[in-house]
Amino acid sequence: RIEIEHHVSCRLFNMADSYKMFYFDSWGRGELIRLVFAKAGVDYEDVRVTFDQWKDLKPKLKFNFLPILEMNGRELEGSVVIARYLAEKFGLAGTNEWENAEIAGVVDYLDYMARIIGDAYYYKKESRNMELEKNIPQYLGKLNELALNNNGFLWGGKLTWADLYAHQIIQWLEDKTSDILVPYPHVSKVKMNVEKDPNIAVWLKNRPKANF
């Protein structure tokens, strides 16, 4: 069991299960999980780990990284794994294993896109513009096509955890280039559809200020 004092309490309504989510005081790999909890309206503790705490905590973890979900005394590590588990549990996925796998495939695509574009921004300074000119149309173009075919969502014409992940990535991209979605109106619609959800709107308005 992980013991860290500093946390943000996010209590929307009580459920039988008890949840703690451990991550740094940033969006990073933890914000998707927070968005899933927010959309579902589920009570949890949002534990914001400081870097001083991280030095002591890291060696104690199975895979030595965050985020971690603690549920009823059990621990699960890995951002996408945790988000998928919670989304399927809370009804933010499909209705059967095949549909859930299809949605996970969309998330896998989003995750790969974020890594490719993120590498271009942060690690490939000499070839940054060339990498972005090549990759942004490719990946956002595919998302635009998915959104067009799914009525402003990325799967099944309804809000799933894939849309929540897309929203986080879109916000990060817009922070880098404010007009990046101009050629991709259906991706913009995904963002708007996520933000129209009442629970998500409350979270976006009131969440603690943090870096990407």
Side-chain angles (χ1 to χ4, degrees), residues 1-97 99-112 114-115 118 159-169 171-172 194 199-200 202-204 206-212:
R1 185 178 178 85
I2 300 169
E3 297 295 340
I4 299 238
E5 292 184 358
H6 177 64
H7 70 271
V8 177
S9 182
C10 302
R11 305 196 177 278
L12 300 178
F13 62 79
N14 292 323
M15 294 189 69
D17 292 319
S18 175
Y19 302 97
K20 285 185 179 182
M21 198 279 284
F22 296 80
Y23 193 66
F24 304 108
D25 190 16
S26 64
W27 290 10
R29 304 291 290 179
E31 192 64 14
L32 172 59
I33 300 165
R34 297 179 184 124
L35 287 168
V36 170
F37 274 121
K39 165 59 184 165
V42 171
D43 174 20
Y44 77 109
E45 290 186 16
D46 183 6
V47 183
R48 307 266 172 153
V49 179
T50 68
F51 285 103
D52 286 338
Q53 292 168 331
W54 174 235
K55 294 175 185 177
D56 295 327
L57 178 61
K58 184 177 180 180
K60 302 174 185 178
L61 304 180
K62 181 166 58 177
F63 299 128
N64 304 121
F65 61 73
L66 298 176
I68 290 176
L69 175 71
E70 185 180 284
M71 187 184 81
N72 303 335
R74 297 184 296 173
E75 294 172 11
L76 189 63
E77 297 184 26
S79 58
V80 175
V81 170
I82 294 169
R84 178 175 180 173
Y85 170 77
L86 294 173
E88 293 177 4
K89 183 180 179 70
F90 298 156
L92 304 178
T95 60
N96 56 56
E97 292 178 351
E99 290 182 353
N100 289 340
E102 287 185 338
I103 297 167
V106 176
V107 171
D108 195 57
Y109 179 84
L110 289 166
D111 204 49
Y112 186 74
R115 290 174 187 271
L159 188 66
T160 70
W161 67 291
D163 302 297
L164 302 183
Y165 194 20
H167 183 275
Q168 179 187 346
I169 295 170
Q171 283 200 310
W172 171 71
V194 171
N199 285 354
I200 293 293
V202 169
W203 171 251
L204 294 179
N206 298 322
R207 64 183 171 183
K209 293 186 181 299
N211 295 323
F212 286 95

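Hydrogens, waters and symmetry mates play no part in the numbers below; they use all other heavy atoms, side chains included.
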Salt bridge check: are Asp17 and Lys89 linked by an N-O gap of less than 4.0 Å?
-> yes
If you look at every heavy atom in [X] and [Y], which pair is closest and at what distance?
X: Ala166; Y: Leu110; value: N-CD1, 3.9 Å
X: Ala114; Y: Ile169; value: CB-CD1, 4.0 Å
X: Ala162; Y: Val106; value: CB-CG1, 3.9 Å

About how many Å separate [atom2] of [Y] and [atom1] of [X], when rounded to the nearest 0.5 Å?
X: Glu97; Y: Glu88; atom1: CD; atom2: CD; answer: 9.0 Å
X: Asp108; Y: Tyr112; atom1: CG; atom2: OH; answer: 10.0 Å
X: Ile68; Y: Ile82; atom1: CD1; atom2: CD1; answer: 7.5 Å
X: Phe37; Y: Leu32; atom1: CZ; atom2: CG; answer: 11.0 Å
X: Met21; Y: Asp46; atom1: CE; atom2: CG; answer: 5.0 Å
X: Leu92; Y: Leu35; atom1: CG; atom2: CG; answer: 10.5 Å

List the steps and the verdict of side-chain contact (heavy atoms from CB on, under 4.5 Å) for Leu66 and Trp54.
-> CA-CA 9 Å; Leu66 298 176; Trp54 174 235; 3.5 Å; yes
Asn206: side chain to side chain contact (heavy atoms under 4.5 Å, CB included) partners, not counting sequence neighbours = Val202
Show your working on side-chain contact (heavy atoms from CB on, under 4.5 Å) between Gln168 and Trp27 and close with a plain yes or no.
-> CA-CA 8 Å; Gln168 179 187 346; Trp27 290 10; 4.3 Å; yes
Just by distance, with hydrogens left out, do Trp172 and Glu31 show a side-chain donor and acceptor under 3.5 Å apart?
-> no
Note, [X] side chain near [Y] side chain (heavy atom, < 4.5 Å):
X: Lys39; Y: Leu159; answer: yes
X: Phe22; Y: Glu70; answer: yes
X: Val47; Y: Tyr23; answer: no

Member of Lys209, Arg48, Arg207 meeting the salt bridge (charged side-chain N to carboxylate O under 4.0 Å, His left out) criterion with Asp25 = Arg48
Just jot down the side chain to side chain donor-acceptor pair (under 3.5 Å) partners of Glu99, sequence neighbours excluded, or say none.
-> Thr95
With sequence neighbours excluded, tell me which residues meet side chain to side chain donor-acceptor pair (under 3.5 Å) with Arg74.
-> none
Only one of Ile33, Leu76, Val49 forms a side-chain contact (heavy atoms from CB on, under 4.5 Å) with Pro67, so which one is it?
-> Ile33
side-chain contact (heavy atoms from CB on, under 4.5 Å) between Tyr44 and Arg34, worked out | CA-CA 9 Å; Tyr44 77 109; Arg34 297 179 184 124; 3.6 Å; yes
For residues 56-65, which side-chain donor-acceptor pairs fall under 3.5 Å, sequence neighbours excluded?
from: Asn64; atom 1: ND2; to: Lys58; atom 2: O; distance (Å): 2.8
from: Asn64; atom 1: ND2; to: Leu61; atom 2: O; distance (Å): 3.3

Name the orientation class of the two ring planes belonging to Phe51 and Phe24 (parallel below 30°, tilted from 30 to 60°, perpendicular beyond 60°).
-> parallel
Would Trp161 and Arg84 satisfy side-chain contact (heavy atoms from CB on, under 4.5 Å), going step by step from the backbone distance to the final call?
-> CA-CA 8 Å; Trp161 67 291; Arg84 178 175 180 173; 3.4 Å; yes
Any residue meeting salt bridge (Lys or Arg N to Asp or Glu O under 4.0 Å) with Asp111, in chain and number order, not counting sequence neighbours = Arg29, Arg115
The ring pair (Phe, Tyr, Trp, His ring centres under 6.0 Å) partners of Tyr85 (sequence neighbours excluded) come to none
